[in-house]
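Written out below as structure tokens is the structure these notes cover.
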Amino acid sequence: MKNIPIPDGSLSVVMPVYNEEATICEIVQLVLARPEVGELLIIDDASKDNSWQQLQTFKDDPRVKLLKQEVNHGKGAAIIRGFAAATRDFVIIQDADFEYTPEDYPQVLQPLVNGKADVVYGARFMNTPGQVRFFRHEMGNKFLTFLSNVFSDIHLSDMETCYKAFRKEVIQNLKLTSERFGIEVEMTAKLARSRQLRIWEVPISYQPRRYDEGKKIGWKDGFAALWHIIRFNCFSSDSKSFHRPWNEVLKNPSRKP
């Protein structure tokens, strides 16, 4: 089957920002250069540096929506706000640094556009070429992914990846509450809980930044993720996870069986 062309402007990009003045302007330019991007929702989570001031460069671009949190709540809270404001057919999360490249948007979006997937994870560890990664960080990611797989009963290779893309109606049907990095676990647990969503993985490139370059996730977030895996997989209910029944949400003519 031939791939269906990805429509220009069909993608909403949700970008949480916290103290990213060194990279924010360049990554925004890279995102806006992609023809798939119809809107870029930038949520500044009360940055203490000049990130917000630098973002004013893009305030007159009709594709850019600048949202500001007056109090720092965390990456999850910023992402949730961005999801709610998204208006295009597809939605993806984009970090405000160079670990992930917008050049990978087409391969992440293609299963959605083809009508074969409802959610796509861009997997960093599927034997793609790239910079050598930190061993302990990667093993920590794989361990958390393994535990998530055990509890959620879906077989992912990279649960903690930033690049998660969705049909808009799918991500907006999730009831999400995690304000920090637990958002990755919560999304995965609730997507898996549906038992009706088709979740794909595709390989992506990945260039990890060092902690001295501003990497924010640490060992405390890893321990918190362990609790979130148990909490969201074992103590959630459908009423706490979804706004509407999935058989109503998934009535989409472009969605293939």
Side-chain angles (χ1 to χ4, degrees), residues 14 74-76 79-80 83 90-95 99-100 104 107-112 116-128 130 133-167 170-171 173-206 208 215-242 246 249-250 255:
V14 174
K75 179 179 180 179
I79 287 174
I80 292 169
F83 285 159
F90 310 110
V91 183
I92 195 170
I93 305 167
Q94 171 71 55
D95 279 347
E99 289 192 326
Y100 300 82
D104 284 341
Q107 62 205 62
V108 178
L109 287 174
Q110 197 65 67
L112 298 172
K116 292 295 186 180
D118 302 303
V119 181
V120 179
Y121 280 56
R124 296 167 289 177
F125 311 128
M126 294 177 72
N127 298 319
T128 50
R133 298 178 281 266
F134 296 112
F135 177 78
R136 284 183 299 226
H137 188 262
E138 183 168 336
M139 289 303 103
N141 274 321
K142 290 186 175 182
F143 176 67
L144 292 175
T145 297
F146 170 77
L147 286 183
S148 174
N149 289 343
V150 168
F151 282 93
S152 67
D153 195 32
I154 61 173
H155 191 188
L156 291 171
S157 67
D158 189 8
M159 177 267 295
E160 294 278 1
T161 181
C162 166
Y163 270 8
K164 297 178 177 71
F166 318 86
R167 292 180 177 277
V170 167
I171 193 56
N173 195 45
L174 294 189
K175 291 182 178 180
L176 299 171
T177 60
S178 297
E179 293 196 332
R180 284 185 53 78
F181 291 102
I183 192 71
E184 312 289 1
V185 176
E186 183 181 7
M187 280 190 286
T188 300
K190 291 181 176 180
L191 290 166
R193 184 179 185 85
S194 74
R195 291 303 187 224
Q196 297 182 54
L197 297 173
R198 301 157 311 162
I199 304 171
W200 280 46
E201 276 191 306
V202 297
I204 60 169
S205 52
Y206 179 59
K215 196 170 185 68
K216 300 177 179 69
I217 194 166
W219 63 269
K220 291 182 180 178
D221 296 295
F223 280 109
L226 295 175
W227 160 239
H228 291 314
I229 289 171
I230 297 170
R231 172 190 174 196
F232 289 118
N233 283 286
C234 299
F235 299 108
S236 284
S237 63
D238 285 359
S239 63
K240 292 180 179 179
S241 301
F242 318 127
W246 285 108
V249 174
L250 297 177
R255 188 179 189 264

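By convention here, the first residue in the shown sequence is residue 1.
- By the side-chain contact (heavy atoms from CB on, under 4.5 Å) test, Gln110 is found to be paired with Asn3, Ile6, Val113, Asn114, residues two or more places apart in sequence or in another chain being considered.
- In this structure the side chain of Lys75 reaches within 4.5 angstrom of the side chain of Asp95, judged on heavy atoms.
- Looking at heavy atoms from C-beta onward, Val170 lies in side-chain contact with Leu191 at the 4.5 angstrom threshold.
- Only one option out of Arg193, Lys175, Lys190 pairs with Asp238 in a salt bridge (charged side-chain N to carboxylate O under 4.0 Å, His left out); it is Arg193.
- Glu186 approaches Leu176 most closely through the heavy-atom pair OE2-CA, 3.3 Å.
- In this structure, Phe125 and Thr161 have side chains that are not in contact, with every pair of non-hydrogen atoms separated by 4.5 Å or more.
- For the pair Ser194 and Trp246, the tightest heavy-atom approach, listed with the atom from each and the gap, is CB-NE1, 3.3 Å.
- Closest approach of Ala225 and Glu160 over heavy atoms only: CB-OE2, 4.2 Å.
- Asn173 contributes no side-chain N or O that, together with a main-chain N or O of Phe242, makes up a donor-acceptor pair within less than 3.5 Å.
- In summary, Arg124 and Glu99 do not engage in a salt bridge, as defined by a charged side-chain N under 4.0 Å from a carboxylate O.
- Residues meeting the side-chain hydrogen bond (donor to acceptor under 3.5 Å, both in side chains) test with Ser148, sequence neighbours left out: none.
- Of the inter-residue distances, the one linking Thr188 atom OG1 with Ile229 atom CD1 reads 9.0 Å to the nearest 0.5 angstrom.
- Nearest approach of Thr177 to Ile80, heavy atoms of both residues: N-CD1, 3.9 Å.
- Taking 4.5 Å as the limit, every side-chain heavy atom of Val185 sits out of range of all side-chain heavy atoms of Trp227.
- Side-chain contact between Trp200 and Leu112 is absent, with no heavy-atom pair separated by less than 4.5 Å.
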TODO: Step by step, work out the side chain to side chain contact (heavy atoms under 4.5 Å, CB included) result for Val120 and Arg198.
DONE: CA-CA 9 Å; Val120 179; Arg198 301 157 311 162; over 6 Å; no
TODO: Show your reasoning for whether side chain to side chain contact (heavy atoms under 4.5 Å, CB included) applies to Leu197 and Leu250.
DONE: CA-CA 9 Å; Leu197 297 173; Leu250 297 177; 3.8 Å; yes
Task: Step-by-step side chain to side chain contact (heavy atoms under 4.5 Å, CB included) determination, Lys164 to Ile79 - done: CA-CA 12 Å; Lys164 297 178 177 71; Ile79 287 174; over 6 Å; no
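- Distance check: Tyr121 OH to Ile199 CD1 gives 6.0 Å after rounding to the nearest 0.5 Å.
- At a threshold of 4.5 Å between non-hydrogen side-chain atoms, the residues Asn141 and Glu184 do not count as touching.
- The distance from the CG atom of Asn149 to the NZ atom of Lys142 is 12.5 Å, given to the nearest 0.5 Å.
- Considering all non-hydrogen atoms of both residues, Pro111 and Val202 come closest at CG-CG1, 4.2 Å.
- At a threshold of 4.5 Å between non-hydrogen side-chain atoms, the residues Tyr206 and Asp158 do not count as touching.
- Ring-plane geometry between Tyr100 and Tyr163 is classed as tilted, the angle between the planes lying from 30 to 60 degrees on a 0 to 90 degree scale.
- Using a 30° and 60° split on the angle between ring planes, Phe83 and Phe166 fall in the perpendicular class, above 60°.
- Across Met159 and Leu144, no two heavy atoms sit closer than the pair CE-O, 3.7 Å.
- His228 and Phe232 have parallel rings, their planes meeting at less than 30° on a 0 to 90° scale where 60° marks the start of perpendicular.
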